[in-house]
Amino acid sequence: MASSIKHRSSEQTFTFVTPPADASIEVLNDFYWTNEAEPHALRRKLILAKHPEVRKLTGYEPKTKWYVMLVVLLQLSVALYLRNTPVLSWKFVGLAYVIGATANQAIFLAIHELSHNLLFKKPLHNKLFAIFTNIPIGIPYSASFQPYHQLHHKFQGDEYLDTDLPTRFEAIILSNLLGKVFFATCQIFFYALRPMFITQIKFTYIHLLNVVHQLVFDYFWVKYFGWKSFAYFIMSSFLAGSLHPCAGHFIAEHYVLNENNKPRGKDIPVPAETYSYYGSLNLVTWNVGYHNEHHDFPYVAWTKLPELRRIAADFYDPLPKVESWCGVIWWFIFNDVNTLWNRVKRKGKEKHGHKIDNLDDN
(Lines give C-alpha, C1' and ligand atoms only; values in the text may rest on other atoms or scores of the structure.)
Protein backbone atom coordinates (compact mmCIF):
# COMPACT_ATOMS: atom_id res chain seq x y z
CA MET A 1 0.00 0.00 0.00
CA ALA A 2 1.10 3.54 -0.66
CA SER A 3 1.61 5.86 2.27
CA SER A 4 1.39 9.66 2.40
CA ILE A 5 3.94 12.06 3.85
CA LYS A 6 3.45 15.75 4.47
CA HIS A 7 6.27 18.22 3.97
CA ARG A 8 5.85 21.86 5.01
CA SER A 9 8.00 24.54 3.42
CA SER A 10 7.94 28.25 4.17
CA GLU A 11 5.42 28.77 1.36
CA GLN A 12 3.17 25.74 1.12
CA THR A 13 2.51 22.19 2.21
CA PHE A 14 3.25 19.28 -0.14
CA THR A 15 1.67 15.86 0.28
CA PHE A 16 3.74 13.01 -1.11
CA VAL A 17 2.40 9.55 -1.84
CA THR A 18 4.92 6.74 -1.69
CA PRO A 19 4.60 4.78 -4.94
CA PRO A 20 3.30 1.21 -4.50
CA ALA A 21 5.37 -1.73 -5.68
CA ASP A 22 3.19 -2.12 -8.79
CA ALA A 23 3.64 1.49 -9.92
CA SER A 24 4.87 2.09 -13.46
CA ILE A 25 8.47 1.27 -14.24
CA GLU A 26 9.14 4.95 -15.04
CA VAL A 27 8.15 5.89 -11.50
CA LEU A 28 10.00 3.15 -9.67
CA ASN A 29 13.15 2.66 -11.70
CA ASP A 30 15.07 5.86 -11.30
CA PHE A 31 17.16 7.58 -8.68
CA TYR A 32 16.22 10.78 -6.85
CA TRP A 33 17.92 13.30 -9.14
CA THR A 34 18.56 16.81 -7.86
CA ASN A 35 20.35 19.97 -8.95
CA GLU A 36 20.57 21.20 -5.37
CA ALA A 37 23.89 21.19 -3.52
CA GLU A 38 24.48 18.48 -0.93
CA PRO A 39 23.01 19.59 2.41
CA HIS A 40 26.00 19.24 4.73
CA ALA A 41 28.05 22.28 3.73
CA LEU A 42 25.08 24.60 4.24
CA ARG A 43 24.12 23.05 7.59
CA ARG A 44 27.74 23.26 8.76
CA LYS A 45 27.75 26.98 7.97
CA LEU A 46 24.47 27.53 9.82
CA ILE A 47 25.58 25.53 12.86
CA LEU A 48 28.89 27.41 13.11
CA ALA A 49 27.06 30.72 12.90
CA LYS A 50 24.70 29.79 15.73
CA HIS A 51 27.03 27.55 17.77
CA PRO A 52 30.61 28.75 17.21
CA GLU A 53 31.80 26.62 20.15
CA VAL A 54 31.54 23.61 17.83
CA ARG A 55 34.90 24.63 16.38
CA LYS A 56 36.55 23.44 19.59
CA LEU A 57 35.44 19.88 18.88
CA THR A 58 37.53 19.49 15.74
CA GLY A 59 40.87 17.69 15.79
CA TYR A 60 42.36 14.26 16.22
CA GLU A 61 41.72 11.87 19.11
CA PRO A 62 45.07 10.37 20.27
CA LYS A 63 43.61 7.67 22.50
CA THR A 64 41.88 5.98 19.53
CA LYS A 65 45.11 4.30 18.44
CA TRP A 66 45.24 2.28 21.66
CA TYR A 67 41.71 0.95 21.12
CA VAL A 68 42.57 0.08 17.53
CA MET A 69 45.65 -1.86 18.56
CA LEU A 70 43.53 -3.86 21.02
CA VAL A 71 41.08 -4.77 18.25
CA VAL A 72 43.94 -5.84 15.95
CA LEU A 73 45.46 -7.89 18.78
CA LEU A 74 42.06 -9.51 19.42
CA GLN A 75 41.80 -10.59 15.80
CA LEU A 76 45.32 -11.98 15.72
CA SER A 77 44.64 -13.90 18.93
CA VAL A 78 41.41 -15.48 17.69
CA ALA A 79 43.03 -16.37 14.35
CA LEU A 80 45.85 -18.05 16.23
CA TYR A 81 43.36 -19.91 18.43
CA LEU A 82 41.53 -21.26 15.35
CA ARG A 83 44.64 -22.37 13.45
CA ASN A 84 43.75 -26.08 13.82
CA THR A 85 39.96 -25.71 13.61
CA PRO A 86 38.10 -26.79 10.43
CA VAL A 87 37.05 -23.68 8.52
CA LEU A 88 33.44 -24.80 8.01
CA SER A 89 32.90 -25.96 11.58
CA TRP A 90 30.29 -24.28 13.78
CA LYS A 91 33.02 -23.12 16.12
CA PHE A 92 35.03 -21.44 13.35
CA VAL A 93 32.08 -19.79 11.62
CA GLY A 94 30.47 -18.78 14.93
CA LEU A 95 33.60 -17.04 16.20
CA ALA A 96 34.17 -15.44 12.80
CA TYR A 97 30.62 -14.03 12.86
CA VAL A 98 30.31 -12.95 16.49
CA ILE A 99 33.86 -11.78 17.17
CA GLY A 100 35.59 -11.58 13.79
CA ALA A 101 32.95 -9.70 11.82
CA THR A 102 32.32 -7.25 14.66
CA ALA A 103 36.05 -6.64 15.10
CA ASN A 104 36.74 -6.27 11.37
CA GLN A 105 33.81 -3.89 11.00
CA ALA A 106 35.49 -1.85 13.76
CA ILE A 107 38.73 -2.08 11.78
CA PHE A 108 37.04 -0.92 8.57
CA LEU A 109 35.66 2.05 10.49
CA ALA A 110 38.96 2.74 12.24
CA ILE A 111 40.44 3.11 8.74
CA HIS A 112 37.51 5.44 8.07
CA GLU A 113 38.59 7.60 11.05
CA LEU A 114 42.18 7.46 9.80
CA SER A 115 41.07 8.61 6.34
CA HIS A 116 40.02 11.88 8.01
CA ASN A 117 43.34 12.15 9.86
CA LEU A 118 41.63 11.76 13.23
CA LEU A 119 44.15 9.55 15.07
CA PHE A 120 47.38 11.51 14.56
CA LYS A 121 48.29 15.10 13.91
CA LYS A 122 50.25 14.42 10.70
CA PRO A 123 48.42 12.93 7.69
CA LEU A 124 51.33 10.62 6.87
CA HIS A 125 51.19 9.06 10.33
CA ASN A 126 47.49 8.34 9.81
CA LYS A 127 48.20 6.67 6.48
CA LEU A 128 50.97 4.50 7.90
CA PHE A 129 48.90 3.48 10.92
CA ALA A 130 46.02 2.63 8.57
CA ILE A 131 48.35 0.17 6.81
CA PHE A 132 49.04 -1.48 10.17
CA THR A 133 45.33 -1.45 11.04
CA ASN A 134 44.63 -3.19 7.71
CA ILE A 135 46.37 -6.40 8.87
CA PRO A 136 43.30 -8.45 10.01
CA ILE A 137 41.35 -7.61 6.85
CA GLY A 138 43.63 -9.94 4.91
CA ILE A 139 43.75 -7.91 1.68
CA PRO A 140 45.19 -4.40 1.08
CA TYR A 141 42.39 -1.89 1.51
CA SER A 142 43.34 1.18 3.53
CA ALA A 143 45.27 3.15 0.90
CA SER A 144 42.49 2.94 -1.67
CA PHE A 145 39.72 3.72 0.79
CA GLN A 146 40.91 7.21 1.71
CA PRO A 147 40.78 8.91 -1.73
CA TYR A 148 37.47 7.29 -2.64
CA HIS A 149 35.99 8.27 0.72
CA GLN A 150 37.23 11.85 0.32
CA LEU A 151 35.38 11.96 -3.01
CA HIS A 152 32.25 10.69 -1.25
CA HIS A 153 32.42 13.64 1.15
CA LYS A 154 33.43 16.32 -1.34
CA PHE A 155 31.05 15.24 -4.12
CA GLN A 156 28.22 13.50 -2.30
CA GLY A 157 25.70 12.15 -4.78
CA ASP A 158 27.85 12.81 -7.85
CA GLU A 159 27.09 9.99 -10.29
CA TYR A 160 30.78 9.52 -11.18
CA LEU A 161 32.76 10.70 -8.17
CA ASP A 162 30.69 9.30 -5.29
CA THR A 163 31.39 5.58 -5.55
CA ASP A 164 29.17 4.87 -2.53
CA LEU A 165 26.25 5.13 -4.96
CA PRO A 166 24.93 2.03 -6.72
CA THR A 167 25.19 2.13 -10.49
CA ARG A 168 22.19 2.00 -12.81
CA PHE A 169 23.21 -1.54 -13.78
CA GLU A 170 23.15 -2.64 -10.13
CA ALA A 171 19.77 -1.01 -9.58
CA ILE A 172 18.22 -2.66 -12.65
CA ILE A 173 19.53 -6.15 -11.84
CA LEU A 174 19.22 -6.18 -8.05
CA SER A 175 16.04 -4.25 -7.23
CA ASN A 176 14.04 -7.40 -6.51
CA LEU A 177 13.85 -9.77 -3.55
CA LEU A 178 16.61 -12.16 -4.62
CA GLY A 179 18.76 -9.29 -5.85
CA LYS A 180 18.45 -7.43 -2.57
CA VAL A 181 19.28 -10.59 -0.62
CA PHE A 182 22.41 -11.01 -2.77
CA PHE A 183 23.34 -7.34 -2.40
CA ALA A 184 22.90 -7.32 1.38
CA THR A 185 24.82 -10.60 1.71
CA CYS A 186 27.73 -9.49 -0.49
CA GLN A 187 27.88 -5.76 0.23
CA ILE A 188 31.60 -5.94 0.91
CA PHE A 189 32.28 -6.95 -2.71
CA PHE A 190 30.22 -4.09 -4.11
CA TYR A 191 32.05 -1.52 -2.00
CA ALA A 192 35.42 -3.06 -2.87
CA LEU A 193 34.93 -3.53 -6.61
CA ARG A 194 32.49 -0.79 -7.67
CA PRO A 195 34.95 2.15 -7.41
CA MET A 196 37.41 0.75 -9.94
CA PHE A 197 34.65 0.56 -12.58
CA ILE A 198 33.54 4.16 -12.03
CA THR A 199 36.45 6.45 -11.13
CA GLN A 200 40.18 5.80 -11.29
CA ILE A 201 42.49 7.17 -8.63
CA LYS A 202 46.20 7.74 -8.86
CA PHE A 203 48.36 4.86 -7.63
CA THR A 204 50.84 6.22 -5.07
CA TYR A 205 53.68 4.94 -2.93
CA ILE A 206 51.17 4.60 -0.08
CA HIS A 207 49.18 2.12 -2.18
CA LEU A 208 52.35 0.22 -2.97
CA LEU A 209 53.37 0.16 0.67
CA ASN A 210 49.90 -1.05 1.66
CA VAL A 211 50.04 -3.90 -0.88
CA VAL A 212 53.59 -4.96 -0.04
CA HIS A 213 53.06 -4.78 3.73
CA GLN A 214 49.84 -6.80 3.58
CA LEU A 215 51.26 -9.47 1.25
CA VAL A 216 54.37 -9.87 3.40
CA PHE A 217 52.25 -10.18 6.53
CA ASP A 218 49.93 -12.70 4.85
CA TYR A 219 52.87 -14.79 3.61
CA PHE A 220 54.49 -15.10 7.01
CA TRP A 221 51.18 -15.62 8.81
CA VAL A 222 50.26 -18.52 6.52
CA LYS A 223 53.80 -19.91 6.72
CA TYR A 224 53.84 -20.04 10.52
CA PHE A 225 50.15 -20.42 11.44
CA GLY A 226 48.54 -22.00 8.39
CA TRP A 227 45.74 -21.33 5.92
CA LYS A 228 42.94 -22.01 8.40
CA SER A 229 44.16 -19.21 10.62
CA PHE A 230 44.41 -16.87 7.63
CA ALA A 231 40.93 -17.91 6.47
CA TYR A 232 39.59 -16.44 9.73
CA PHE A 233 40.67 -12.96 8.55
CA ILE A 234 39.00 -13.39 5.16
CA MET A 235 35.80 -14.84 6.61
CA SER A 236 35.65 -12.07 9.22
CA SER A 237 35.98 -9.42 6.49
CA PHE A 238 33.27 -11.00 4.36
CA LEU A 239 30.84 -11.39 7.26
CA ALA A 240 31.55 -7.82 8.42
CA GLY A 241 30.05 -6.60 5.16
CA SER A 242 27.26 -9.16 4.96
CA LEU A 243 24.15 -10.03 7.01
CA HIS A 244 25.63 -8.75 10.25
CA PRO A 245 24.03 -6.17 12.57
CA CYS A 246 26.94 -3.74 12.21
CA ALA A 247 26.77 -3.99 8.41
CA GLY A 248 23.39 -2.29 8.55
CA HIS A 249 25.18 1.05 8.60
CA PHE A 250 26.16 0.65 4.92
CA ILE A 251 22.50 0.87 3.90
CA ALA A 252 21.25 3.04 6.76
CA GLU A 253 23.56 5.98 6.09
CA HIS A 254 22.29 7.17 2.69
CA TYR A 255 19.48 4.97 1.35
CA VAL A 256 16.01 6.53 1.34
CA LEU A 257 13.90 3.85 2.99
CA ASN A 258 10.31 3.21 4.10
CA GLU A 259 8.29 6.32 4.95
CA ASN A 260 11.08 8.65 3.76
CA ASN A 261 10.37 7.63 0.15
CA LYS A 262 8.76 10.22 -2.10
CA PRO A 263 7.66 10.09 -5.73
CA ARG A 264 10.33 11.01 -8.25
CA GLY A 265 9.42 14.00 -10.36
CA LYS A 266 10.10 17.56 -11.39
CA ASP A 267 9.63 20.26 -8.73
CA ILE A 268 9.15 17.68 -5.95
CA PRO A 269 11.66 18.26 -3.12
CA VAL A 270 14.08 15.37 -2.78
CA PRO A 271 14.07 13.45 0.53
CA ALA A 272 16.84 13.59 3.09
CA GLU A 273 19.94 11.82 1.76
CA THR A 274 21.83 11.13 5.02
CA TYR A 275 20.44 9.42 8.13
CA SER A 276 21.85 9.08 11.63
CA TYR A 277 21.48 6.16 14.04
CA TYR A 278 21.96 6.68 17.79
CA GLY A 279 21.67 3.11 19.07
CA SER A 280 24.02 0.88 21.05
CA LEU A 281 25.95 -0.49 18.07
CA ASN A 282 27.75 2.85 17.94
CA LEU A 283 29.78 1.53 20.88
CA VAL A 284 31.64 -0.91 18.62
CA THR A 285 31.70 1.20 15.43
CA TRP A 286 33.35 4.48 16.52
CA ASN A 287 29.98 6.30 16.52
CA VAL A 288 29.65 6.03 12.75
CA GLY A 289 25.89 6.10 13.29
CA TYR A 290 26.18 9.83 13.96
CA HIS A 291 26.32 10.18 10.22
CA ASN A 292 24.68 13.55 9.62
CA GLU A 293 26.99 14.94 12.28
CA HIS A 294 29.99 13.27 10.64
CA HIS A 295 29.20 14.62 7.17
CA ASP A 296 28.57 18.08 8.55
CA PHE A 297 31.87 18.05 10.45
CA PRO A 298 34.17 15.32 9.05
CA TYR A 299 37.09 16.53 11.17
CA VAL A 300 35.34 15.95 14.47
CA ALA A 301 36.56 12.67 15.96
CA TRP A 302 34.17 9.89 16.98
CA THR A 303 34.45 10.69 20.70
CA LYS A 304 33.13 14.22 20.12
CA LEU A 305 30.19 13.45 17.82
CA PRO A 306 27.66 12.96 20.68
CA GLU A 307 28.70 16.35 22.06
CA LEU A 308 28.26 17.89 18.62
CA ARG A 309 24.75 16.50 18.47
CA ARG A 310 24.01 17.84 21.97
CA ILE A 311 25.22 21.35 21.16
CA ALA A 312 23.41 21.51 17.82
CA ALA A 313 20.32 19.56 18.88
CA ASP A 314 18.09 22.21 17.31
CA PHE A 315 19.53 21.19 13.91
CA TYR A 316 19.77 17.42 14.39
CA ASP A 317 16.68 16.48 16.36
CA PRO A 318 14.22 17.35 13.53
CA LEU A 319 16.11 15.23 10.96
CA PRO A 320 14.78 11.76 10.06
CA LYS A 321 16.81 9.01 11.70
CA VAL A 322 17.24 5.25 11.71
CA GLU A 323 16.17 3.32 14.81
CA SER A 324 17.77 -0.07 14.08
CA TRP A 325 20.57 -1.29 11.81
CA CYS A 326 19.20 -4.84 12.01
CA GLY A 327 15.80 -3.46 11.05
CA VAL A 328 17.33 -1.61 8.10
CA ILE A 329 18.64 -4.84 6.58
CA TRP A 330 15.24 -6.51 7.05
CA TRP A 331 13.24 -3.56 5.70
CA PHE A 332 15.59 -3.09 2.76
CA ILE A 333 15.19 -6.71 1.68
CA PHE A 334 11.52 -7.38 2.37
CA ASN A 335 9.80 -4.01 1.86
CA ASP A 336 8.97 -3.66 -1.85
CA VAL A 337 9.35 0.12 -1.89
CA ASN A 338 12.98 -0.19 -0.78
CA THR A 339 15.30 -0.78 -3.73
CA LEU A 340 18.75 0.20 -4.97
CA TRP A 341 17.10 3.08 -6.82
CA ASN A 342 16.47 4.82 -3.49
CA ARG A 343 19.50 7.11 -3.49
CA VAL A 344 19.83 10.84 -4.19
CA LYS A 345 22.05 11.53 -7.21
CA ARG A 346 23.53 14.58 -8.93
CA LYS A 347 24.73 14.90 -12.50
CA GLY A 348 28.42 14.07 -12.64
CA LYS A 349 31.16 16.67 -12.59
CA GLU A 350 33.61 14.39 -14.39
CA LYS A 351 33.37 12.05 -17.33
CA HIS A 352 33.29 8.32 -16.79
CA GLY A 353 36.73 6.82 -16.25
CA HIS A 354 38.45 10.14 -15.49
CA LYS A 355 41.52 9.71 -13.33
CA ILE A 356 41.42 11.63 -10.06
CA ASP A 357 44.60 13.20 -8.68
CA ASN A 358 45.55 15.46 -5.79
CA LEU A 359 43.16 14.18 -3.17
CA ASP A 360 45.91 13.87 -0.59
CA ASP A 361 45.27 15.84 2.60
CA ASN A 362 48.97 16.46 3.20
Side-chain angles (χ1 to χ4, degrees), residues 5 7-14 16 30-52 54-55 57-58 112 115-116 146-168 171 194-195 198-199 201 250-257 260-276 288 290-300 305 308-309 311-322 340-352 354 356-359 361:
I5 307 161
H7 170 78
R8 183 175 298 278
S9 72
S10 58
E11 298 178 355
Q12 55 186 313
T13 298
F14 301 94
F16 305 106
D30 203 356
F31 298 102
Y32 291 103
W33 290 97
T34 180
N35 293 321
E36 298 176 5
E38 57 90 9
H40 301 289
L42 175 59
R43 188 160 56 237
R44 176 167 58 248
K45 182 178 180 180
L46 294 174
I47 289 175
L48 288 173
K50 188 172 182 180
H51 305 287
V54 163
R55 296 181 187 276
L57 301 178
T58 60
H112 168 256
S115 74
H116 291 290
Q146 181 179 34
Y148 282 123
H149 188 65
Q150 292 293 337
L151 287 173
H152 169 60
H153 273 268
K154 295 176 181 178
F155 303 102
Q156 180 173 312
D158 186 287
E159 61 180 326
Y160 300 135
L161 299 181
D162 184 357
T163 57
D164 184 72
L165 293 162
T167 63
R168 178 170 288 274
R194 181 192 298 138
I198 300 176
T199 300
I201 59 173
F250 288 124
I251 298 172
E253 290 165 357
H254 297 291
Y255 277 82
V256 184
L257 303 178
N260 294 310
N261 274 289
K262 299 173 183 178
R264 284 77 161 164
K266 185 178 180 181
D267 300 326
I268 297 177
V270 297
E273 55 193 281
T274 305
Y275 300 85
S276 289
V288 74
Y290 289 73
H291 216 65
N292 268 303
E293 294 83 349
H294 169 65
H295 269 267
D296 290 351
F297 295 91
Y299 298 111
V300 171
L305 290 175
L308 169 61
R309 186 202 177 198
I311 293 173
D314 48 332
F315 287 89
Y316 293 120
D317 285 351
L319 298 178
K321 58 185 69 68
V322 169
L340 275 75
W341 293 107
N342 294 6
R343 291 291 297 267
V344 176
K345 276 197 175 187
R346 296 171 173 83
K347 291 299 181 181
K349 295 179 173 59
E350 300 287 345
K351 292 182 179 180
H352 177 76
H354 188 79
I356 303 299
D357 298 328
N358 302 322
L359 280 175
D361 286 332

Legend entry - Glu159 vs Arg168 side-chain heavy atoms within contact, under 4.5 Å: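 Answer no - side chains too far apart.
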Legend entry - Flag side-chain contact, heavy atom, 4.5 Å: Pro298 against Arg44: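 A side-chain contact exists here, since the closest heavy-atom pair is under 4.5 Å.
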Inset, instruction - Determine whether the aromatic ring centres of His152 and His112 lie less than 6.0 Å apart. - result: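 They do not qualify: ring centres at least 6.0 Å apart.
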Inset, instruction - Applying side chain to side chain donor-acceptor pair (under 3.5 Å) between Ser276 and each of His291, Glu293, Lys321, report the one that passes. - result: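 When side chain to side chain donor-acceptor pair (under 3.5 Å) is applied between Ser276 and each of His291, Glu293, Lys321, only Glu293 qualifies.
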Inset, instruction - Locate the shortest heavy-atom distance separating Leu257 from Asn261; write the atom from each residue and the value. - result: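 What the structure gives for the nearest pair is C-ND2, 3.5 Å.
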Inset, instruction - Output, in order, the C-alpha distance, side-chain angles, deciding distance and verdict of side chain to side chain donor-acceptor pair (under 3.5 Å) for His254 and Thr274. - result: CA-CA 5 Å; His254 297 291; Thr274 305; 3.2 Å; yes
Legend entry - Non-neighbouring partners of Glu273 that pass salt bridge (charged side-chain N to carboxylate O under 4.0 Å, His left out), sequence neighbours left out: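 In terms of salt bridge (charged side-chain N to carboxylate O under 4.0 Å, His left out), with neighbours along the sequence ignored, Glu273 is linked to Arg346.
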Legend entry - For Lys50, all residues meeting salt bridge (charged side-chain N to carboxylate O under 4.0 Å, His left out), sequence neighbours excluded: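 Salt bridge (charged side-chain N to carboxylate O under 4.0 Å, His left out) check on Lys50 returns Asp314.
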Inset, instruction - For the pair Val270 and Trp33, evaluate side chain to side chain contact (heavy atoms under 4.5 Å, CB included) and give the outcome as yes or no after the intermediate values. - result: CA-CA 8 Å; Val270 297; Trp33 290 97; over 6 Å; no
Legend entry - Partners meeting ring pair (Phe, Tyr, Trp, His ring centres under 6.0 Å) with Phe297 (sequence neighbours left out):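 With sequence neighbours excluded, Phe297 shows a ring pair (Phe, Tyr, Trp, His ring centres under 6.0 Å) to no residue whatsoever.
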Inset, instruction - Apply ring pair (Phe, Tyr, Trp, His ring centres under 6.0 Å) to Phe250 and list each qualifying residue two or more places apart in sequence or on a separate chain. - result: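 Counting only residues at least two positions away or on another chain, Phe250 forms a ring pair (Phe, Tyr, Trp, His ring centres under 6.0 Å) with Tyr191.
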Inset, instruction - With side chain to side chain contact (heavy atoms under 4.5 Å, CB included) as the test, would you mind laying out the steps for Lys154 and Asp162 before giving the verdict? - result: CA-CA 9 Å; Lys154 295 176 181 178; Asp162 184 357; over 6 Å; no
Legend entry - Residues in side chain to side chain donor-acceptor pair (under 3.5 Å) contact with Asp296, at least two apart in sequence or another chain: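 Once residues adjacent in sequence are excluded, the partners of Asp296 under the side chain to side chain donor-acceptor pair (under 3.5 Å) criterion are His40, Arg43, Tyr316.
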Inset, instruction - Sequence neighbours left out, what passes side chain to side chain donor-acceptor pair (under 3.5 Å) with His153? Give chain and number order. - result: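 By the side chain to side chain donor-acceptor pair (under 3.5 Å) rule, His153 matches His116, His149, His294.
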Legend entry - Stepwise side chain to side chain contact (heavy atoms under 4.5 Å, CB included) test for Thr167 and Ile198: CA-CA 9 Å; Thr167 63; Ile198 300 176; 3.6 Å; yes
Inset, instruction - Give a yes or no on whether a salt bridge exists between Arg194 and Asp164, defined as a side-chain N under 4.0 angstrom from a carboxylate O. - result: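 Between Asp164 and Arg194 there is no salt bridge, as every charged N stays at least 4.0 Å from the carboxylate O atoms.
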Inset, instruction - Please round to the nearest 0.5 Å and tell me the distance separating atom CD of Gln150 and atom CG of Leu161. - result: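 Between atom CD of Gln150 and atom CG of Leu161 there are 13.0 Å.
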Inset, instruction - Compute both the distance and the angle, then confirm whether Arg343 meets the cation-pi test with Tyr32: under 6.0 Å from the six-membered ring centre, within 45 degrees of the axis. - result: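 Here Arg343 fails the 6.0 Å and 45° test against Tyr32.
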